[in-house]
Amino acid sequence: MLIFSSVSKSNFYTTPFLCIAVQNSRLFSFTIATNGSASTSSISTNSFNIIKSHKHILFHYLNNQTLNQARAFFDQIPSPHVSLYTIMLHAYADNHRLCEAIDLFRQIPFKDVVSWNTMIKGCLHCGDIITARKLFNEMPHRTVVSWTTLVDGLLRLGVVEEAEALFWAMDPVDRDVAAWNAMIHGYCGNGRIDDALRLFHLMPSKDVISWSCMIAGLDHNGDSGQALVVFRDMVASGVWPSSVGLVCGLSAAAKIPALRVGIQIHCSAIKLGDWRFDEFISASLVTFYSSCKQMEAACLVFGEAVCKNVVAWTALLTGYGFNDKHLEALEVFKKMMRVGVIPNESSFTSALNSCCGLEDLERGKVIHAKVVKMGLESGGYVGGSLVVMYSKCGYVSDAVSVFKGINEKSVVSWNTVIVGCAQHGYGMWALALFNQMLRERVDPDGITLTGLLSACSRSGMLQKARCFFRYFGQERLVTLTIEHYASMVDVLGRCGELEEAEALVMSMPMKANSMVWLALLSACRKHSNLDVAERAANQIFEMEPDCSAAYVLLSNLYASSSRWAEVASIRKKMKHNGVVKQPGSSWLTLKGQKHNFLSADRSHPLNEKIYQKLEWIGVKLKELGYVPDQQYALHDVETEQKEEMLSYHSERLAIAFGLLSTVKGSTITVMKNLRVCGDCHSAIKLIANIVDREIVVRDSSRFHHFKNGKCSCGDYW
DNA sequence: ATAGGGTTAG
């Protein structure tokens, strides 16, 4: 990456870093430091041993039994030492039983500063700032730990200003490195990266935690490149990275992704100690190699990891998904359950995403069942993945019903379901959901507007689209981006308002890109406007000379008005520019098996039967008075041949195969890489009637639900 | 293993 190009390769990562690594080979084991017991000198050895055994038993109850059982044991201890009280306070607060903690705290006869600090931390952990503040003011002796506890807790709750004031109100002599670190970490956690950097440079001395905070903070705030620079500075300043520091560095290297740097960090992890025992490093390495598209390395690292916890498994599963290896991803998911690792929300999210990638509803449903069994259906992430999965597989009403069950619906959840409805042409649903979103006081964002505009476009709701566009823009709800303008041009164009659409393109505050012009060109195709089309196409050819869609659209336009000379000239131009029209293909997935068809394909094993079925359909279509619309046959050939080409379009082959291979009456779902052609669209409406089934076709632009002689797109697409 | 500051999967 650029950041490193200024640094000589040999200097930085190879020499000093690895030297330090060698010297510090005991890094992973030196944490087992011993604490002296000098502070207990006022207590006799005998009572010290008794307290020690009480602690031992108390922890045994806390770890292996319930909190109530631990309390029952605690209650049996005659005049428990304050440290035993403190252990109980901690446990109550951890379990969000703050009232009981406060109650017990009041009963402590001789409170020490540790018990006060624990109680303050407990209040903050449970979100009770008022009591925390009150205790802090009431306590007789405050140490730097008390101050830091309050500062850190406030920052975690987002109360930045008060934390800042407290931090600066501390006696500067007391303000130790942990206090500075808490403040830096808190700034990062609240997105205030510049303030964090300012403090980072201001602090008198930095330890390895300060560096790690800063690296992770930059990385999480979207500046992984700068994170690696800070990582480099840390090494240069002679601070040895801890295992945590290495994990932070790996995470940044994964995001960029920076393969060479990450490998250097991996090397250091080997030299510094045995990384295979560190679950954090193992998982980070898997993610790192996956994001660098090095799945073999990711597998090797995973295989060597001693602690294969749910995070490591999920990292591998996600890695395969990230590399579009969805079958392998789901194999990992299966294997992890076979070896007894219980998947969590993240694992399910990734597994569902892979089902989605495979467009495999069957597998998705099996995983959905497991999700329900584990009670994870209402989580934002898992719920969201289910919504996407059902909606991408064509089952929009299932998507909506899963959405309704999500507990805390974020703007992302709302956007997902709105976009889902839009893609299926359920415009009114999308709008109703948007109103509900506003009622529930969730602020819409740019994606919401895109979703709404595409809903309007696909349902022909021009007035609504104008309203949304104006409302979002004028109320400054979002900054209008080029994508929003492209969507608006799309709506206007589809509804036949070509002049207004072109005027909008010309008056946009930014220069129109090929996406915007393509929206206009598609509209011209639909409304047969050669004049505007030629202008739009020329713009596209200038910006993106290999945009095959533009050539095809323009060529089709000429063809439909029988201007064969122009068609030929475009074809020549395409050839000259080396542009290849993507061949149309359609597919459907049955029992985990993907069946792919090209136009006039004869390679499928059931070839004979498929063509018989198509013939039968053809006869039935003719009986219904159907006449093929030849403008969609793009070649200059005899009429009879054109008809034949149309009836063997890939989507029809896929549908015929679907009819042969599924139960009578069930829905057939077919995917297509290009837009479904107009003639097939008319024909499939009738075919759905002839065979009395619902046929769903997902093309490159949207979903079409064919049923009872109609399509859900209302012929807008 | 009575109290404060850093990390991994989505």
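All chains are named by letter (A, B, ...) in the order of the sequence lines, taking the proteins before the strands, and each is independently numbered beginning at 1.
Proximity note for Ser284(A) (side chain, C-beta onward) versus dA9(B), dA3(B), dT8(B): the nearest is dT8(B). Taking every side-chain heavy atom of Thr118(A) into account, dA3(B) is the closest of dA9(B), dT2(B), dA3(B). The side chain of Lys55(A) lies closest to dT2(B) when the candidates are dT2(B), dA3(B), dG5(B). Candidate nucleotides dG5(B), dG4(B), dT7(B) were compared by shortest atom distance to the side chain of Phe280(A), and dT7(B) ranks first. Checking dT8(B), dT2(B), dA3(B) against the side-chain heavy atoms of Thr143(A) singles out dA3(B) as nearest. Each of dG6(B), dT2(B), dT7(B) was ranked by its minimum atom distance to the side chain of Val208(A); first place goes to dG6(B). In this structure, of dA1(B), dG4(B), dA9(B), it is dA1(B) that holds the atom nearest to the side chain of Phe59(A). Side chain of Asn63(A), nearest nucleotide from dT7(B), dA1(B), dT8(B): dA1(B). Taking only side-chain atoms of Val145(A), from C-beta outward, the nucleotide of dA3(B), dG5(B), dG6(B) with the closest atom is dA3(B).
Residue pairs that meet the salt bridge (charged side-chain N to carboxylate O under 4.0 Å, His left out) test with at least one member in residues 64-76 of chain A, sequence neighbours left out, are Arg71(A)-Asp75(A).
Applying the side-chain hydrogen bond (donor to acceptor under 3.5 Å, both in side chains) criterion to Ser354(A), with sequence neighbours excluded, gives His326(A).
Of the charged side-chain nitrogens involved, at least one lies within less than 4.0 Å of a carboxylate oxygen, so that Glu161(A) and Arg192(A) count as a salt-bridged pair.
Contact between the side-chain N/O atoms of His185(A) and the OP1/OP2 oxygens of dG6(B) is found at a separation under 4.0 Å. Contact between the side-chain N/O atoms of His220(A) and the OP1/OP2 oxygens of dT8(B) is found at a separation under 4.0 Å. An OP1 or OP2 oxygen of dG6(B) is reached within less than 4.0 angstrom by a side-chain nitrogen or oxygen of Arg156(A). Distances shorter than 4.0 Å separate some side-chain N or O of Lys121(A) from OP1 or OP2 on dG5(B).
Using a 4.0 Å heavy-atom cutoff across all strands shown, Val286(A) reaches no nucleic acid atom at all. Base contact: Val177(A) has a heavy atom under 4.0 Å from a base atom. His54(A) comes within 4.0 angstrom of no nucleic acid atom, judged by non-hydrogen atoms across all strands. Using a 4.0 Å heavy-atom cutoff across all strands shown, Gly245(A) reaches at least one base atom of the nucleic acid. Val151(A) comes within contact range of no nucleotide atom at all, as no heavy-atom separation falls under 4.0 Å. Within the 4.0 angstrom heavy-atom criterion, base atoms lie near Ala179(A).
Separating the CG atom of Leu89(A) from the C1' atom of dT2(B) is a distance of 9 Å, rounded to the nearest angstrom. Rounded to whole Å, the distance from CD1 on Ile77(A) to C1' on dT2(B) is 13 Å. Atom-to-atom, CG of Leu285(A) to P of dA9(B) comes out at 12 Å; the value is rounded to the nearest Å. Rounded to a whole Å, the CG atom of Leu316(A) is 14 Å from the C1' atom of dT8(B). His81(A) places its NE2 atom 9 Å from the C1' atom of dT2(B), with the value rounded to the nearest Å. Atom pair Asn353(A):CG and dA9(B):C1' shows a separation of 13 Å (rounding to whole Å applied). When rounded to the nearest whole Å, the span between CE of Met183(A) and P of dG4(B) equals 19 Å. Atom OH of Tyr381(A) and atom P of dA9(B) are 11 Å apart (whole Å).
At a threshold of 4.5 Å between non-hydrogen side-chain atoms, the residues Cys299(A) and Tyr320(A) count as touching.
The line from CD of Glu377(A) to CZ of Phe348(A) is 11.5 Å long, rounded to the nearest 0.5 Å.
Proximity of residues 341-350 of chain A to DNA chain B (heavy atom under 4.0 angstrom from any strand atom) is restricted to Asn344(A), Ser346(A), Thr349(A), Ser350(A).
Between dA1(B) and dG5(B), the distance separating the two P atoms is 16 Å to the nearest Å.
For Phe200(A) and Trp180(A), the gap between ring centers reaches or exceeds 6.0 Å. Remark: aromatic rings of Tyr85(A) and Phe74(A) are close, center separation under 6.0 Å. Ring pair Phe73(A)/His60(A): centre-to-centre distance not below 6.0 Å.
Looking at every heavy atom in both residues, Gly262(A) comes nearest to Phe288(A) through CA-CZ, 3.2 Å.
Side-chain N/O atoms of Asp176(A) and base N/O atoms of dG4(B) include a donor-acceptor pair closer than 3.5 Å. Side-chain atoms of Ser210(A) stay outside donor-acceptor range of the base of dG5(B), with no qualifying N/O pair under 3.5 Å.
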